[in-house]
Structures are given as structure tokens and as C-alpha cells.
Amino acid sequence: MNTEEPFGFTTEQVHGGTIPDAGHGARITPIHMSSGFVFDDFDTARDRFAGIDEGYTYTRLGNPTNAAVERRIALLEGGTEAILVASGQAAATVAFLGLLAAGDHVVSASSIYEGTRGLLLQNLGRLGIEVDFVDDARDLDAWAAAVRPNTKLFFGESIPNPKNDVLDISGVADVAHRAGIPLVVDNTLATPYLVRPIEHGADIVIHSASKFLTGHGSALGGVVVDSGRFDWTTGGGRFAHLTGPDRGLGGASYVARFGPQAFAVFARDVISSRIGPTPSPVNAFLIQQGIETLSLRVERHSANALAIASWLEQQPEVTSVDHAGLASSPFHDLAERYLPRGAGSVFAFTLAGGEPAARCFIDAVQLFSRMTHLGDVRSLILHPASTTHAQRTPEQRAAAGIHDGLIRLSVGIEDAPDLLRDLERALAAVRNAFGDTGREARRGPATDHTAGGPAAVPPVTASSGTASLRHALPEQHVISEEI
Ligand SMILES: Cc1ncc(COP(=O)(O)O)c(C=O)c1O
């Protein structure tokens, strides 16, 4: 679509990237559920393999449904090109392997998704790639001090979970660029509606599209977006796989042949297509449908989350609320700078009563779903210390602020009063079970009182299953819960 004025975000999320269906006039990009694509004749086959004819060959290498989603996400993120893959983990893998080889080094914020941490430490570690973590990502000197001659990328998340400890994207990007290194940012929890990391200096953006982009908890997906802006020739020959002669290109380099698209072409042709994390076009279709309402959902998600965070902050049983939208957050200044539309809807709060109180609270909710997932239209709840972060030692969890009483919420788009009632019910259950423990603990020095909690948690009368939900909730909630 041609226009002189650039479209707004919401227009772009609905129309961006669509190529009209010349065959049948379908308004929505159809699901092209085909493994391969017919060559009209001998020469067409030869030319497609040579890259002279731009038609499709085989879905692992490209598919029209997947391509429409790639174009739309690239537009929304302000990048030049995107690669759609089967999951967020696949996106991280493709982005990392597009930059790293044995003997290379990564500097990463410490506060990142545990799966990415495992990927860096264990999977890439086995390939001889080393990683250093920066514990306080606001400390830009620490990022600079961690750089080695073999450092090939900086990595961080725009909004990490569960602590909502917002990344100083341009600060970290500046340090990276001074060292001739690209910054890769996982923008899953912010989405391009809340922040476009490329505008703040990030070079490559990745997503778990399984979360807010799809938005309905129905499909997994991932995406790598290239800004097309990083100069691969800087950094003292760090990126020889992009700047040096390549046999597959007849001795030309990726940079010489593809210019600003060098990384994207390498990551697609050499990494993603070979490893093969191809998304099903059905999943691409679901991601495309989700993106069309992204701004509307994220606006509501964020407003609900801030209302809940503000309410939780007032509760005597709650010792802290990790939401950067709150003035009390040490990351509030970064949220104001990077996230004027909201600090997202994934955040944590800590109950004074430690794990027993967290268990009681989580078992008492009826509308929130107990799930390890994020960015769903439904509200979700999880206890990181016993699930996502259970593999960490208690000392590591304490250092990361993942206390035993910490609970993670991914706030959905339901009516805020209904969500607040559910959380109120859960707090009442904690109060019933533990009396005033929480209030006293709040006045005391430390946060967690696991050791001082009751030996056994009394049974919670509130429902933890669908059967009781039927009695407790209006019809539409029962239906959506079952979906
Ligand atoms: C911030 C972030 N990045 C990446 C991932 C991995 O995404 P996926 O589950 O789609 O592989 C997750 C998953 O929970 C995540 O929270």
C-alpha cells in the first residue's frame, strides 16, 4: 500500500505486509499449507534455486503465509527484514548462531528468560561459546568492562520477567557500538506497541511470538528482526562470516552482496533454513490474526496491570511490587523514558508469608489461570521459585530477587474489577490461613518468612478447578477458561 504519510501503528498492524490475493481476492492472507511450490518449467526451477526468480520453492525456505507475517512484524518493529520461526527459543537460536561461532563470547543482562539463559550457558556453552552476565544491567560500566576481543554480541530483554526491570536500551546500545558489537534485544514482553528497540539503538530484535503477538495462547512462534543498520565491517574483523569471501556466494561476502540485509540473509539462508525451525503456516496465520489487535490488547493489558500493581502496593501482606509503572520502582525512570504507553503486564509481587503464603494465594485464585505462559488475553499466575527458577540455587534466587513469597502475574484483558476481586479473594485466603503474619512481617526487616510460617498449610476452600469455576463465574468466563 502506498501512502505519503506513514501509517499509525494500529493501521499498520492490520494492513502492513499484506499482498492482495490475485487468484481469488481473499482479503486475509490465506493459509498456504503446502510443503512445496510448483515450477512452471525447467528454467523457472533453475532460476529460483539461483535466486534470480523470487518465487517460492519449499516451505522451510519460505512460504507466502509466513512471509506476510514477517513483513508485518518487520514494519511494526521498524526493521528491514524479519524471519519467522517456530518458537521464541528458535528465534534466539537463529539470532545467536547468525553471529556466533566456537570460541566467541556473549555479554548478557543477568535478568533474562531462564530458557535463554540455558541456551546460552548449556547449548552454546557446549559449542565453546562463553557468556558473562551483567547483574545490574543499569551499570553501563559493567557492560563495557565485560567486553573481550572475541565478544560478538550484547543481549538483554526490554522488559524482563518476573521483575519488570526495564533495560536501558540506548545506554547499552551505545556501549556495544563503541566496542563494535551489535545489541540483540528480546522484545517479547513489551511488543513493538510499547517500545521499538531499534529506534533506541538495538540492532537485532527477537520475539517469542507465542506471547503477546499471538495473544490468545493458541500457537507458538518466534521472530528475528534485523534493523539493517549495524556496520558489520567495524569491530576489527569480528564478523568475518559476513565480511569475508564466501564460497556459496562465489567468493563475494554477504555484506558486499546484500548490503544492509547481510545479517538477515545469512541468518535465513545459512542458519534458519538449515536448522529448520519452520513455523506451520497455520501458526503463522494465528500470529497474523493476533497481531491485528495487538495495540488494543496491550493497551488494556497494561492498564489492568498498573491498576492491579497499584492495588497490591497498598496491601499489608505484600512487601514489594515489581512494576516499573509504579513511582516506587527503581526502574520507573527507565519506564518513563522507554515505555510511555505502559510498562507491560508481566510483573511480580512478594508476599510476606513466603512460600506457604504464595501457595495459599495461588491455590485460591479462580479467574487467574495457574500457567507457565505469558501475554495471553487470560490472566495467568505462577510461583517462579518453585517452577521457572527452581533449578537456581536459593542464593542465586535471592541475588535475583526471586524470593519464596514472590508471585508472577501476566495480567490479561478481563475486566479489572473481576481480576481485583479474584486477587482479593486470594489475599483473604492468606489472611484466613496465616492471620496477621503478613502484616507483622511487613513491619519487620526482611521480606520472606518461610521459616516462620506454619508447618502445614490449611486446606483452601476456594476452587482450583474448572468444576467450581462453573459455579463461581459468569458464563462467558467459564467458556473462555475452557478454551
Ligand atoms: C522473554 C521470553 N523470550 C523467549 C521465550 C521463549 O519463547 P517460546 O516459548 O516461544 O520458545 C520466552 C518464553 O517464555 C520468554 O518469556
Side-chain angles (χ1 to χ4, degrees), residues 66 69 73 77 82-97 106 108-124 133 137 153 155-167 169 184-192 194-195 197 202 204-225 272 275-280 283-284 286-287 290-291 298 301 305 322 324 339 343-348 369-376 378 380-384 387-391 400 402 408-411:
N66 300 0
V69 179
I73 296 175
E77 282 289 5
I83 304 165
L84 191 72
V85 289
S87 69
Q89 285 299 93
T93 304
V94 167
F96 293 159
L97 293 183
V106 173
S108 170
S110 177
S111 181
I112 57 171
Y113 169 57
E114 286 292 290
T116 312
R117 186 183 166 86
L119 175 66
L120 286 166
L121 281 172
Q122 193 169 15
N123 302 71
L124 298 188
F133 292 101
L153 70 94
F155 177 71
E157 296 179 4
S158 49
I159 304 181
N161 97 79
K163 299 291 281 182
N164 208 265
D165 37 353
V166 179
L167 185 71
I169 302 170
V184 181
V185 171
D186 182 330
N187 200 30
T188 298
L189 296 197
T191 82
L194 294 181
V195 68
I204 293 161
V205 169
I206 61 172
H207 276 275
S208 165
S210 328
K211 309 295 191 289
F212 291 96
L213 295 183
T214 304
H216 299 78
S218 54
L220 298 196
V223 67
V224 180
V225 184
S272 186
I275 295 174
T278 313
S280 162
N283 283 10
L286 291 170
I287 296 166
I291 288 173
V298 171
H301 277 291
D322 299 306
L339 303 162
S345 55
V346 178
F347 70 98
S369 303
R370 288 168 282 277
M371 271 181 78
T372 179
H373 181 45
L374 304 166
D376 196 308
R378 283 152 282 265
L380 316 175
I381 190 166
L382 190 76
H383 182 245
T387 57
T388 51
H389 290 68
Q391 301 303 316
I402 315 283
R408 180 182 86 181
L409 300 181
S410 174
V411 177

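As a basis for the values below, the full set of heavy atoms in this structure was taken, side chains included, without hydrogen atoms, waters or symmetry mates. One-based numbering, in listed order, for ligands and for the atoms of each.
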Counting only heavy atoms closer than 4.0 Å, does ligand 1 sit against the backbone of Leu220, its side chain, both, or neither? neither
Heavy atoms only, cut-off 4.0 Å: how does His373 contact ligand 1, side chain, backbone, both, or neither? neither
Atoms of ligand 1 close to [X] [distance to a heavy atom under 4.0 angstrom, numbered from 1]:
X	result
Ser87	10 (O), 11 (O)
Gly221	10 (O)
Leu374	16 (O)
Ser210	8 (P), 10 (O)
Asp186	1 (C), 2 (C), 3 (N), 4 (C)

Run Tyr113 and Thr388 through side chain to side chain contact (heavy atoms under 4.5 Å, CB included) and show every step you take. CA-CA 9 Å; Tyr113 169 57; Thr388 51; 5.9 Å; no
Euclidean distance, [Y] [atom2] relative to [X] [atom1], rounded to 0.5 Å:
X	Y	atom1	atom2	answer
Leu189	Phe212	CG	CZ	6.0 Å
Leu124	Phe96	CG	CZ	7.0 Å
Leu286	Leu213	CG	CG	13.0 Å
Asp165	Ile112	CG	CD1	11.5 Å

Between Lys211, Glu114, Gln89, Glu157, flag the one that comes closest to atom 11 (O) of ligand 1 by a heavy atom. Gln89
Hey, does Pro160 sit under 4.0 Å from ligand 1 if you only count heavy atoms? no
N/O separation below 3.5 Å, Leu189 to ligand 1: no
Got the closest protein heavy atom to atom 15 (C) of ligand 1, with its distance? Tyr113 CG, 3.6 Å
Around atom 8 (P) of ligand 1, find the nearest protein heavy atom and jot down its residue, atom name and distance. Gly88 N, 3.3 Å
Test log, rule side chain to side chain contact (heavy atoms under 4.5 Å, CB included), inputs Arg408 and Asp322: CA-CA 9 Å; Arg408 180 182 86 181; Asp322 299 306; over 6 Å; no
Please give me the minimum heavy-atom distance between Ser158 and Val195, naming the atom from each residue. CB-CG1, 4.1 Å
For His207 and Asn187, run side chain to side chain contact (heavy atoms under 4.5 Å, CB included): C-alpha distance rounded to whole Å, both residues' side-chain angles, the deciding distance at 0.1 Å, then the answer. CA-CA 6 Å; His207 276 275; Asn187 200 30; 3.7 Å; yes
